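So the structure is just underneath, and the comments pick up after that.
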Amino acid sequence: MITIKVPATSANIGPGFDSLGVALNLYLTLEIHEPTDTWEVIHDYGDSMPSDQNNFIVATALRIAPLLKPHRLVVKSDIPLARGLGSSSSALIAALSMVNILDNKHYTQDDLLQIATKLEGHPDNVAPAIFGGAVAAFYDGTTVFHAPLHFPESLSFVTFIPDYQLLTEKARAALPETLEFKQSVAASAISNTLVAALAANNIKTARQLIEQDQFHEEARAHLAPELAIIRRIAHQQNIIGTYLSGAGPTIISVVDETEAQQLMTAIDLAQLPGKTYHLHTDFTGSIVQTND
Ligand SMILES: Nc1ncnc2c1ncn2[C@@H]1O[C@H](COP(=O)(O)OP(=O)(O)OP(=O)(O)O)[C@@H](O)[C@H]1O
Ligand SMILES: N[C@@H](CCO)C(=O)O
């Protein structure tokens with residue numbers, strides 16, 4: 001049996017829209033079992049999720065390798081669907097890794113990134129899902145350019161996951177078609193300076209910028225009302241900053257390890273519709289294990 005393990009991811013990290021992302025310690029695993037006459041996908045997502053060739057993982061694999069031989073697959077995941085934690089990206093990477101193995105494609109990580117980004121449309125979930133850690137990336141429509149993004153080791157992620165879904169498609173539809181030049185320059189400079197501040201362990205500057213997104217959070221605020229609420233709660237404490245994870249509705253507060261529990265307690269007291277977790281960076285990225 002072969003097991004593929006892919007981490008969750010939190011994209012944008014505030015002002016880094018469609019560019020910055022970090023892998024987190026929630027995982028999807030895909031077990032490839034014996035060959036079968038037709039595709040079988042065993043999962044615990046319920047009846048709304050297909051269990052045959054129509055399952056997103058199989059359908060993605062067949063887009064790349066239409067003649068791939070059917071197998072029995074077992075999917076387990078603690079990444080909630082449509083919450084802004086990269087569930088679709090984890091499934092996509094698992095599918096491509098399965099093709100790589102079953103069809104002997106010899107894809108490199110960069111090959112996986114180029115294919116996954118072309119399918120997903122933006123690299124900020126798939127890049128950290130593949131490489132692990134935090135990544136800065138740019139996709140020009142043909143090629144993905146990427147580089148590791150340094151996150152100070154002491155930082156972790158207080159993660160509020162609402163109990164409702166928000167499909168990325170809906171959250172992207174809420175975005176403006178254009179952005180005025182002066183605002184675009186500011187939006188870009190904020191993201192650039194945040195990256196430099198994180199790289200320099202300059203927490204003071206990072207704290208001033210992580211909540212200054214100009215690209216997407218305002219346009220999506222009505223779709224993820226907990227962002228403003230949790231920001232107000234978190235501002236009572238000395239944390240780095242709070243942002244909309246990916247396309248939402250998950251809200252993440254970047255905190256020093258020692259401050260996490262105090263913030264989680266304060267968020268829980270607000271009795272918002274969802275659950276709070278203390279997550280950490282996954283530095284490994286997606287891996288393939290062969291179990292005899
Ligand atoms: N393990 C899985 N197996 C099959 N389909 C999946 C799986 N995970 C995600 N999907 C598909 O992806 C959809 C969710 O993708 P979507 O991009 O809307 O949200 P997300 O990836 O969880 O969040 P974000 O992209 O903002 O991080 C699900 O509704 C389902 O169709
Ligand atoms: N950058 C993407 C991430 C989606 O996971 C968005 O915000 O729509």
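Ligands are counted one by one from 1 in listed order, and the atoms in each one are counted from 1 as well. A quick note: this is a predicted structure, and the numbers were derived from the prediction, not measured.
Only the side chain of His122 comes within contact range of ligand 2, with a heavy atom under 4.0 Å; no backbone atom does. When non-hydrogen atoms are compared, ligand 2 lies under 4.0 Å from neither the backbone nor the side chain of Glu169.
No more than 12 heavy atoms of other residues, nucleotides or ligands shown are found within 6.0 angstrom of CZ on Phe181. Shown here is Glu34, whose CD atom has more than 12 heavy atoms of other residues, nucleotides or ligands within 6.0 Å. No more than 12 heavy-atom neighbours from other residues, nucleotides or ligands sit within 6.0 angstrom of CD on Gln262.
Taking 4.0 Å as the cut-off between side-chain N and carboxylate O, Glu217 and Arg231 count as a salt-bridged pair. At a threshold of 4.0 Å, the pair Arg220-Asp213 does not count as salt-bridged, since none of the basic side-chain nitrogens sits closer than that to a carboxylate oxygen.
Judged purely by atom type and a 3.5 angstrom limit, Asn100 uses its side chain to pair as donor or acceptor with the backbone of Tyr107. Between the Gln114 side chain and the Val144 main chain, a donor and an acceptor come within less than 3.5 Å of each other.
Heavy-atom proximity to Asn12, at under 4.0 Å, picks out these atoms of ligand 2: 1 (N), 2 (C), 6 (C), 7 (O). Short contacts between ligand 2 and Asp124, defined as distances under 4.0 Å to a heavy atom of the residue, involve ligand atoms 1 (N), 2 (C), 3 (C). Applying the 4.0 Å criterion to heavy atoms of Asp18 picks out, from ligand 2, the atoms 1 (N), 2 (C), 6 (C). Within ligand 2, the atoms closer than 4.0 Å to a non-hydrogen atom of Ala11 are 3 (C), numbered from 1 in the order shown.
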What are the polar N/O contacts of ligand 1 with the protein below 3.5 Å, with distances?
residue, atom, partner, partner atom, Å
ligand 1, 1 (N), Tyr45, OH, 3.0
ligand 1, 8 (N), Ser87, O, 3.3
ligand 1, 17 (O), Ser88, OG, 3.1
ligand 1, 17 (O), Thr168, OG1, 2.8
ligand 1, 18 (O), Thr168, N, 2.9
ligand 1, 18 (O), Thr168, OG1, 3.4
ligand 1, 21 (O), Ser87, N, 3.3
ligand 1, 21 (O), Ser88, N, 3.0
ligand 1, 21 (O), Ser88, OG, 2.7
ligand 1, 22 (O), Ala82, N, 2.9
ligand 1, 22 (O), Ser87, N, 3.3
ligand 1, 22 (O), Ser87, OG, 2.5
ligand 1, 23 (O), Gly84, N, 3.2
ligand 1, 25 (O), Thr168, OG1, 2.9
ligand 1, 26 (O), Thr168, OG1, 3.1
ligand 1, 26 (O), Ala247, N, 3.2
ligand 1, 27 (O), Leu85, N, 3.3
ligand 1, 27 (O), Gly86, N, 2.7

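The other residues sharing a hydrophobic cluster with Val255 are Val158, Phe160, Leu227, Ile229, Ile230, Ile233, Ile239, Leu244, Ile251, Leu263, Met264, Ile267, Leu272, where clustering joins ILVMFWY side chains under 4.5 Å apart.
At a cut-off of 3.5 Å, with distance as the only test, a side-chain donor of His280 or Glu257 sits close to an acceptor on the other residue.
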